[in-house]
Amino acid sequence: MAEVGNELQRHAAEEHQAQTDGFHLVIDALKLNGIENIYGLPGIPVTDLARLAQANGMRVISFRHEQNAGNAAAIAGFLTQKPGVCLTVSAPGFLNGLTALAHATTNCFPMILISGSSEREIVDLQQGDYEEMDQLAIARPHAKAAFRVLHAEDIGVGIARAIRAAVSGRPGGVYLDLPAKLLGQSMEAEKGRKSLIKVVDPAPRQLPAPDSVDRAVALLKSAKRPLILVGKGAAYARAEADIRTLVEKTGIPYLPMSMAKGLLPDTHPQSASAARSYVLAEADVVLLVGARLNWLLSHGKGKTWGKPKQFIQIDIAPTEMDSNVAIAAPVVGDIGSCVSAILDKVGDDFARPGADWLNAVADRRDTNLAKMAETLARSRDASPMNFHGALGVLKDVVKANPNISFVNEGANTLDYARAVIDMYEPRKRLDVGTWGVMGVGMGYAVAAAVETGKPVLALCGDSAFGFSGMEVETICRYNLPVCIVIFNNNGVYKGIDVNPTGGRDPAVTTFVPGARYDKMMEAFGGVGANVTTPAELEAAVNEALRSGKPTLVNAVIDPAAGTESGRLTNLNPQSSAKK
Ligand code: ADP
């Protein structure tokens with residue numbers, strides 16, 4: 001009898017082994033496509049999905065808020081060229097993740113937001129399910145593509161489509177809706193295995209048309225005052241080697257957009273960063289490489305752009321052309337292929353720009369760099385510490401540690417740091433991107449540490465940090481080598497505003513004065529430091545980088561330092577009463 005019982009048990013076990021389910025198929029499909037990390041927040045109906053992913057060897061980073069997990073996934077996509085995956089629960093969790101999905105789409109970062117959802121039958125009849133929401137419809141306008149899978153045998157196709165949509169052409173955010181019922185569906189393991197798709201060549205090269213390259217090179221050759229402007233599309237495309245060759249072979253000054261800093265070291269002699277206003281106004285031909293003429297570039301017109309000019313634009317999205325001003329020479333294709341095709345045509349006999357242009361740029365640059373050096377030197381001893389005093393030492397820290405990721409968000413903390421801190425390696429500066437958004441800091445810091453395995457220095461304004469500050473617990477829980485520095489000036493922009501009514505409430509832009517953010521890190525077992533001088537700041541950050549321990553440095557900055565909206569004062573409508 002015992003033997004029969006054993007036989008039955010074995011049989012049942014074999015039967016069981018021969019089955020798979022939605023949970024496993026999702027995990028197997030991701031792994032089959034080389035996706036090893038999930039950023040998310042478990043809960044109904046995806047708790048077991050997260051557990052099983054971990055049990056099956058994936059790295060699952062659980063956050064405290066989905067928006068931060070989503071931002072982590074978005075920047076993971078930027079850093080790796082593979083879609084970063086964010087996993088959320090239904091309705092509210094999904095909505096929290098949606099901000100990051102829209103952010104990824106806006107920034108051209110490949111990301112997949114996978115959300116569990118309630119039962120279609122009930123949602124569609126609006127019968128009041130647990131966390132009822134038509135998530136697919138809501139996600140669609142914020143994503144490059146949105147899919148829902150209803151049957152376990154379609155999971156392979158669903159994941160394959162999500163991956164292709166995220167990384168091919170212009171990268172972006174993709175929504176994948178997985179109803180609770182799907183995850184529990186079972187099917188024969190062998191059939192399930194065969195239903196999965198390993199995506200072949202998910203982001204195919206897109207070669208530019210040869211005549212578009214000829215047109216671009218002819219225009220470049222005709223330029224008297226040429227400029228190369230590189231954006232984060234070029235950083236994403238990992239085109240730094242060919243871009244450097246192009247810059248050096250042609251002798252043309254170049255300007256990096258914020259997240260393209262470090263593509264070539266900022267100290268490169270042809271960098272025109274410190275002469276930005278001058279080169280934008282004066283150039284006659286501008287070659288845009290993976291940068292859009294959006295608000296960050298004053299839409300390619302107006303006072304910023306001064307003299308008339310012609311644009312050459314390299315971009316993978318054909319519809320980007322002429323979106324703000326006429327593009328005289330569009331080159332549509334992937335940046336790697338386009339730059340190398342241009343390089344081939346440029347040839348060794350390219351006439352470098354005239355000395356008058358190069359000298360004029362160099363003069364401006366050197367004058368501005370000297371002014372900056374003077375400001376930094378003067379600020380070292382300023383008491384209370386101001387932005388430049390603090391940034392001077394962080395500039396040295398990044399110079400000494402060029403391979404750390406540098407996350408940066410805030411208003412003044414962002415604007416000043418971008419100008420002061422040189423980057424030396426590609427994809428190391430991670431910041432507020434196309435929206436100029438705050439709240440990306442901790443998500444970015446976590447993902448940068450996880451994806452690169454190297455230390456992260458996250459410099460946040462006190463306001464910016466507040467959006468994702470609870471993730472210090474995540475940083476401690478996963479023991480990540482993240483050093484957060486908060487420039488604490490007691491408020492948004494500044495900490496000295498007063499309530500004009502004299503009433504009991506504080507002014508709308510102020511925070512608790514003298515707050516000790518470092519105590520937050522200590523609460524979870526990390527290292528906290530409170531510093532009031534540049535020397536103390538430098539020591540605390542160097543120690544954090546040396547130890548690799550989660551650290552938060554509360555850098556006390558003069559509450560009167562800083563300007564309204566940082567550099568974006570012009571975007572603030574003013575009330576007529578204030579005028
Ligand atoms: P920045 O903010 O640095 O100016 P943008 O995000 O505005 O950069 O522009 C990035 C551009 O790069 C987008 O228009 C996008 O279509 C493009 N892009 C992204 N990846 C590639 C690629 N592999 N090849 C070509 N263009 C790309």
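We're numbering straight along the sequence, starting at 1. Both ligands and their constituent atoms are indexed starting at 1 by order of listing.
- In summary, the atoms of ligand 1 found under 4.0 Å from a heavy atom of Asn294, numbered by their order in the structure, are 7 (O).
- Considering only non-hydrogen atoms, atom 21 (C) of ligand 1 lies nearest to Ile335 out of Ile335, Val230, Thr434.
- Heavy atoms of Arg292 found under 4.0 angstrom from ligand 1 belong to the backbone as well as the side chain.
- Side-chain contact check for Asn96 and Thr88: no donor-acceptor pair (N or O, by modelled atom type) lies under 3.5 Å.
- The contact set between ligand 1 and Cys108, taken as ligand atoms under 4.0 Å from a residue heavy atom, comprises 13 (C), 15 (C).
- Side-chain N/O atoms of Asp334 and Gln206 include no donor and acceptor closer than 3.5 Å.
- Contact annotation for Leu297 and ligand 1: no heavy atom of the residue comes within less than 4.0 Å of the ligand.
- In this model, a donor atom of one side chain and an acceptor atom of the other lie less than 3.5 Å apart for Asn37 and Glu451.
- Any N or O atom pair closer than 3.5 Å counts here, and Glu320 shares no such pair with ligand 1.
- Within the listing of ligand 1, atoms 3 (O) sit less than 4.0 angstrom from a heavy atom of Gly231.
- Ligand-side atoms of ligand 1 in range of Arg170: 13 (C), 14 (O), 15 (C), 16 (O), range being under 4.0 angstrom from any heavy atom.
- Interface atoms of ligand 1 facing Gly290, defined by a heavy-atom separation under 4.0 Å, are 8 (O), 9 (O), 10 (C), 11 (C), 12 (O).
- With respect to atom 19 (C) of ligand 1, the closest heavy atom belonging to the protein is Gly233 CA, 3.8 Å.
- When heavy-atom distances to ligand 1 are checked against a 4.0 Å cut-off, Ala291 comes that close through both its backbone and its side chain.
- Assignment of Ala260 to the shell around ligand 1 is not supported, since no heavy atom sits closer than 4.0 Å.
- Using a 4.5 Å cut-off on side-chain heavy atoms (C-beta onward), Asn489 and Phe387 make contact.
- Residue-ligand proximity: Ala239 is placed with every non-hydrogen atom at 4.0 Å or more from ligand 1.
- Close N/O approach between Asn107 and ligand 1 is not found [any backbone or side-chain N/O within under 3.5 Å].
- Between the side chains of Asn408 and Arg418, no donor-acceptor pair is found at a separation under 3.5 Å.
- Under the 30°/60° scheme for interplanar angles, the aromatic rings of Tyr254 and His268 are found to stand perpendicular.
- Of the polar atoms of Tyr236, none of the N or O atoms is found under 3.5 Å from an N or O of ligand 1, judged by distance alone.
- By heavy-atom distance, the residue among Asp315, Ile314, Thr106, Leu288 lying nearest atom 15 (C) of ligand 1 is Asp315.
- Using a 4.0 Å cut-off to heavy atoms of Ala237, the atoms of ligand 1 that qualify are 23 (N).
- Side-chain contact check for Ser468 and Glu471: no donor-acceptor pair (N or O, by modelled atom type) lies under 3.5 Å.
- Although no hydrogens or angles enter the test, the distance criterion places a donor-acceptor pair under 3.5 Å between the side chain of Lys428 and the main chain of Asn403.
- For the 3.5 Å distance criterion, the side chains of Tyr175 and Gln135 qualify, holding a donor opposite an acceptor.
- Scanning the protein heavy atoms around atom 2 (O) of ligand 1, the nearest turns out to be Lys232 NZ, 2.7 Å.
- Inclusion of Ile316 in the set of residues having an N or O under 3.5 Å from an N or O of ligand 1 is warranted.
- A donor-acceptor pair shorter than 3.5 Å cannot be found between the side chains of Ser298 and Lys303.
- Contact check on Asp266 versus Lys261 returns a salt bridge, with a Lys/Arg side-chain nitrogen under 4.0 Å from an Asp/Glu carboxylate oxygen.
- Outside the 6.0 Å centre-distance limit, the rings of Phe487 and Tyr416 are not counted as a close aromatic pair.
- For ligand 1, the atoms sitting less than 4.0 Å from at least one non-hydrogen atom of Gly333 are 24 (N), 25 (C), numbered in the order shown with element in parentheses.
- Close contacts between ligand 1 and Met257 involve ligand atoms 3 (O), 4 (O) [criterion: under 4.0 Å to a heavy atom].
- Evaluated for a side-chain contact (heavy atoms from CB on, under 4.5 Å) with Tyr39, the options Val60, Val450, Leu87, Val85 yield exactly one hit, Val450.
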